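Everything below concerns the one structure shown next.
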Amino acid sequence: MAKPGDLVEIVTKNKKYVGILMPKPEIIKSNTIVIKLDSGYNIGIEKKKIKKIKVIKKAKKGKKKNIKIKQSKKLPTVSILSTGGTISSKVDYKTGGTYASLTAEDFIQLEPKILKFANIRAKQIEQIMSEDMTPEHWIKIAKEVYKELNKKEVSGVVITHGTDTMHYTAAMLSFMFPKLSKPIVLVGAQRSTDRGSSDTFMNLICSVIAATQKIGEVMVCMHATTNDDFCYLHRGTKVRKMHTSRRDAFRSINQMPIAKIWPDGRIKFLINYKKPDKTNELNIKINKKVALIYVYPGINQNIIDYYLNKGYKGIVIAGTGLGHVPTYLIQKIKKAVKKGVAVCITSQCFYGRTHSFVYSNLRRLSQTGAIFCEDMLPEVAYVKLMHVLGKTKKLEKIKELMQKNIAGEINPIISKDMFLV
Ligand code: GLU
């Protein structure tokens with residue numbers, strides 16, 4: 001009898017299917033059998049259509065191999081801190097879905113080639129999907145990273161992270177570490193490790209290589225193309241997840257990636273990057289009372305009042321085009337600014353720069369005291385405003401800091417080749 005986890009062949013009247021038999025999730029009707037195909041997708045087959053089920057291979061008993069990790073004196077040491085997400089997910093045969101289960105040590109078992117480039121230290125600091133990350137998690141991650149950075153033997157830190165909000169964490173860490181003596185590299189995976197097309201392996205190798213470089217920045221390392229050829233190393237304040245499922249979903253916006261990294265160890269730098277500082281400085285003082293609002297035709301005019309009444313101290317608006325909001329919101333924004341709330345303007349176009357004078361509506365918006373955030377991404381402005389509000393409550397000072405390039409988040413010169421790279 002076939003059991004969950006077994007590789008099976010299912011024969012129906014018209015077709016044969018080969019896949020791993022999944023335990024039936026509660027949401028699926030009981031007259032259906034679910035298998036995971038080689039592509040990684042699950043399909044349900046109605047029992048009445050099934051002529052035969054043949055077990056091709058029994059499920060392995062899940063015993064972990066005990067690996068001995070050899071330390072090489074010639075190699076640098078990289079700390080991998082795992083936080084969860086797809087990169088640390090595997091199939092849950094109880095629910096048929098994927099769940100976060102791998103500890104950092106498991107990454108070495110997963111991709112032993114990383115040991116060619118570095119000695120690996122490993123620690124699991126969280127186990128969550130990144131949509132559940134909160135500013136508290138960013139603080140916790142920053143503190144853990146800081147501990148690793150201050151260890152003499154550590155050359156750099158890799159953080160494995162769910163991809164959905166990885167760019168928020170990368171941006172927040174960029175502001176939380178005004179001084180960095182070693183690189184911090186965030187890495188994730190779009191496809192879980194049980195799938196043939198998983199990007200985990202190459203992303204992991206390239207991120208370890210990145211963490212051995214002499215760079216004083218927070219970066220994101222992910223597949224550059226749909227092939228398994230090389231990864232891009234992106235600046236943490238200029239990167240965004242731009243696709244729901246493609247392996248090359250992460251893109252540098254209004255900036256070129258910092259480098260190309262090949263899994264054989266080659267690296268080609270594409271732009272200048274920040275050289276390491278002598279020391280590490282951590283600043284975790286943030287004000288969490290910041291909202292990020294995406295405006296749209298027909299948006300409720302009370303949205304600004306809602307946040308004012310809740311005591312928010314900052315609002316980032318992802319405006320349309322050059323940074324527009326519906327005209328009826330301008331009065332509301334004026335009221336917010338008068339009350340001392342910082343209102344920052346970014347664009348939902350992502351590419352390009354906001355402008356405060358091209359149209360009269362932009363000039364009116366700017367006259368309210370709203371702060372136009374140059375070419376900063378909305379998510380980056382959101383975390384930066386938390387950081388800035390942790391330093392000052394004065395609107396003039398907030399404006400000065402928001403419009404000042406602190407961690408590579410503002411690019412004064414956007415060239416043509418930075419579009420859709
Ligand atoms: N939504 C999950 C997360 O961001 C899974 C996606 C992923 O890791 O790619 O953690």
Side-chain angles (χ1 to χ4, degrees), residues 25 27 36 39-42 80-104 106-107 110-111 122-142 144-145 157-173 184-208 210 218-228 231-234 236 239-253 292 377-380 382-383:
I27 44 165
K36 181 175 272 293
S39 63
Y41 287 102
N42 294 352
I80 303 183
L81 301 179
S82 59
T83 68
T86 295
I87 191 160
S88 43
S89 297
K90 58 185 180 191
V91 182
D92 180 353
Y93 291 108
K94 290 196 201 85
T95 62
T98 52
Y99 77 115
S101 77
L102 293 171
T103 64
D106 293 329
F107 288 117
L110 197 66
E111 184 42 276
K123 188 173 175 194
Q124 182 186 2
I125 55 172
E126 260 313 331
Q127 193 54 290
I128 59 170
M129 291 297 180
S130 74
E131 57 271 28
D132 288 327
M133 287 263 176
T134 62
E136 291 307 326
H137 290 103
W138 298 333
I139 292 172
K140 180 175 172 191
I141 293 170
E144 292 287 350
V145 169
V157 177
V158 168
I159 304 168
T160 64
H161 199 291
T163 56
D164 286 11
T165 68
M166 186 156 68
H167 47 298
Y168 288 79
T169 306
M172 186 48 112
L173 293 179
I184 300 174
V185 186
L186 286 104
V187 65
Q190 286 280 80
R191 315 260 168 88
S192 55
T193 49
D194 57 296
R195 295 176 63 175
S197 61
S198 177
D199 46 339
T200 297
F201 314 103
M202 194 177 90
N203 291 352
L204 201 58
I205 300 175
C206 294
S207 65
V208 167
V218 179
M219 296 159 289
V220 166
C221 185
M222 290 289 285
H223 258 65
T225 75
T226 48
N227 301 324
D228 278 329
C231 281
Y232 271 144
L233 190 57
H234 304 274
V239 65
R240 199 167 189 284
K241 183 172 180 175
M242 298 298 282
H243 200 281
T244 56
S245 57
R246 278 173 69 119
R247 304 190 303 167
D248 56 350
F250 278 78
R251 300 290 162 147
S252 282
I253 311 283
L292 173 57
L377 288 164
E379 300 85 1
V380 175
Y382 165 65
V383 301

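Bear in mind the structure is a predicted one, so any value in this text is a computation, not a measurement. All residue numbers refer to positions in the sequence shown, counting from 1. Remember, it's 1-based here, ligands and their atoms both numbered in the order they're listed.
Nearest protein heavy-atom contact of atom 8 (O) of ligand 1 is Thr86 N, 2.8 Å. Among all non-hydrogen protein atoms, the one lying nearest atom 9 (O) of ligand 1 is Thr163 OG1, 2.4 Å. Here the protein heavy atom with the shortest distance to atom 4 (O) of ligand 1 is Ser130 OG, 2.6 Å.
Without hydrogens or angle criteria, Asp164 side chain to Ser130 main chain gives no donor-acceptor distance under 3.5 Å.
Using a 4.0 Å cut-off to heavy atoms of Met129, the atoms of ligand 1 that qualify are 2 (C), 5 (C), 10 (O). Those atoms of ligand 1 that come under 4.0 Å of a heavy atom in Gly85, given as number and element, are 8 (O), 10 (O). Residue Glu131 has at least one heavy-atom neighbour below 4.0 Å for each of these atoms of ligand 1: 1 (N), 2 (C), 3 (C), 4 (O), 10 (O).
Side chains of Phe250 and Met166 form a contact here, defined as non-hydrogen atoms less than 4.5 Å apart. Contact of the Ile141 side chain with the Met133 side chain is registered, since non-hydrogen atoms from C-beta on lie closer than 4.5 Å.
Defined by atom type and a distance below 3.5 Å, a donor-acceptor pair is missing between the side-chain atoms of His137 and Asp132.
Under the side chain to side chain contact (heavy atoms under 4.5 Å, CB included) test applied with Lys241, the options Thr165, Val220, Thr163 reduce to a single match, Thr163.
Using a 4.0 Å cutoff on heavy atoms, Ala189 counts as a contact of ligand 1.
The distance from atom CE of Met222 to atom SG of Cys231, rounded to the nearest 0.5 Å, is 8.0 Å.
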